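Some notes on the structure that comes next.
Chain identifiers are assigned alphabetically (A, B, ...) following the order of the sequence lines, protein sequences preceding nucleic acid strands; residue numbering begins at 1 within each chain. Treat the numbers as computed from the prediction; the structure is a model and nothing was measured.
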2 protein chains.
Amino acid sequence: MRNSLVDVVAAALRVLGAQGLEGCSMRRVAAELGVQPSALYHHVPDKQSLLALMADDIVAGVGARARKRAAESREVPGAAGSRPAGTGSAVTRPMAMGPVGSDSAEVNRRVARCMCEELRSTMLATRDGADVVATAAAFRMGASDLEDELAELVGRDGARTLLIYTFGQAQQTQMHRQAAAFGALLGAPADSSGPAARADRPDPAGPSPTESTDGLDEAFARGLDVILTGLAA
Amino acid sequence: MRNSLVDVVAAALRVLGAQGLEGCSMRRVAAELGVQPSALYHHVPDKQSLLALMADDIVAGVGARARKRAAESREVPGAAGSRPAGTGSAVTRPMAMGPVGSDSAEVNRRVARCMCEELRSTMLATRDGADVVATAAAFRMGASDLEDELAELVGRDGARTLLIYTFGQAQQTQMHRQAAAFGALLGAPADSSGPAARADRPDPAGPSPTESTDGLDEAFARGLDVILTGLAA
DNA sequence: ACCTGAACACCGTTCAAGT
DNA sequence: ACCTGAACACCGTTCAAGT
């Protein structure tokens, strides 16, 4: 056997990283594999299915990483047990041991926050990742593992609201940064938050388009706060 | 002169309604106008620009309708002045005259709620409208009239959060309903909220895919509530 | 100003046929 | 099981040329 499904998905992810979603055609994925385009249809029924598999791959491990991060941040304040990130329901009722006055619902919201942050930064880490994941996720909204995990923490409505916001904000961030990167290639200022003061800024090897002075990370944090505050009421 | 830009946009919207976003190609729009594809490039630089113009057309009037609706709903409780929907800043500081205990911030949040509801139902009213508008809007996030109006009511962060949620939830609703409609054509149940009880439901001329038993409208209302509650804190 | 005709460089998908 | 070769029915966009 020459290629398996995982080879196809891996090749597709390589093309995505190199050419972006627009350049991620079936023909290019086939070329990456050194194979005729028609060969792909032995592994996958159509392009949409391939994109869904790519999305699954991109998003894999978000839950586990978020749980770990949440557990670590809980060690800092005052709790005792280190507790290696359990396999699932261990997190359903995490011990209420944060600062004084925190109940289990508040802890759950903190974990939910970690999951959204981890999801967003994971999507942002691969080129056009937010688009790929959001489209595939929207297709089976109400049937994803991540939504179920979030639902146990903040309820169904909370989970849906958080996910919709996280996907949308990530898509926006990625689109904005790719536009900025494109503009930077042309030597254009691309920012212009005000119609004044734009003279000689040499742009001395400024931050990469993946990690930003655009304030979108902070804006995401504030939006998350709004939603989590609303859920606490 | 044979066709103007508005003719092109109108034709494109007709094709969108008839064939959906997928079928809305430059070639089909040209055919709708009885013209060669290349002729379109005299009115529009590329397809993306045409889609942006279509989005503007779809979303036009949302602000005015929302203001009118908000004014009407304010008459019911106890306020006096009918005040025909002003042209702009008249709504910036609406009189605080709702039920007892309401301040101007609460009234502003109510108006913001109307705007999001109006925006959503407007997008849902045209085939694939949510996709068209959301994509175009994401492109100039931070530069749309609607965002500015919302920002005056609930602040910049509130406006962005509300818009991202409204776009995303509308896209999801529209995708879900189109899938349901497609499934219905095949005679499939398409719902299956649980793995039990699915015997003989004759589906007696059920609601159109535009107006729904799927609970997505109510889910939107609840998500909006969460965000607005968070903004009130 | 508005349009035609023809072309360029692509798409996703299908299908008989090979090994 | 995995792949080739060839085709089908499309795309968005460009460009000289017409009126």
Rounded to the nearest 0.5 Å, what separates atom CG in L224(B) from atom CZ in R120(B)? 9.0 Å
Is the number of heavy atoms from other residues, nucleotides or ligands within 6.0 Å of CG (D46(A)) greater than 12? yes
Report yes if the side chains of M54(A) and L21(A) come closer than 4.5 Å at any heavy-atom pair, otherwise no. no
Output the distance between atom CE (M26(A)) and atom CG (L50(A)), rounded to the nearest 0.5 Å. 5.5 Å
What are the bounds, 5' to 3', of the part of DNA chain D that sits under 4.0 Å from heavy atoms of chain B? dC11(D) to dC15(D)
Strictly by Watson-Crick or wobble contacts shorter than 3.5 Å, is anything paired with dC10(C), and which nucleotide is it? none
Are D217(B) and R222(B) within salt-bridge range, i.e. N to O under 4.0 Å? no
Let's see if you get this right: which residues in residues 2-12 of chain B place a heavy atom under 4.0 Å from DNA chain C? R2(B), N3(B)
Which comes earlier along DNA chain C counting from the 5' end, the contact point of P37(A) or that of H42(A), where each point is its nearest nucleotide? P37(A)
In this structure, CG of D128(B) is separated from CD of Q171(B) (nearest 0.5 Å) by 10.0 Å
In whole Å, measure the gap between the P atoms of dA9(D) and dA9(C) for me. 23 Å
Is it true that the side chains of T173(B) and Q169(B) contain a donor and an acceptor less than 3.5 Å apart? yes
Atom pair CG (D131(A)) and CD (E22(A)), whose distance is rounded to the nearest 0.5 Å: 11.0 Å
If the C1' atom of dC3(D) is compared with that of dA16(C), how far apart are they to the nearest Å? 13 Å
Can you tell me the pairing partner of dA1(D) across any strand shown, Watson-Crick or G-U wobble, with both distances under 3.5 angstrom? dT19(C)
When the nearest nucleotide of DNA chain D is assigned to V35(A) and to C24(B) on a heavy-atom basis, which residue is associated with the more 5' position? V35(A)
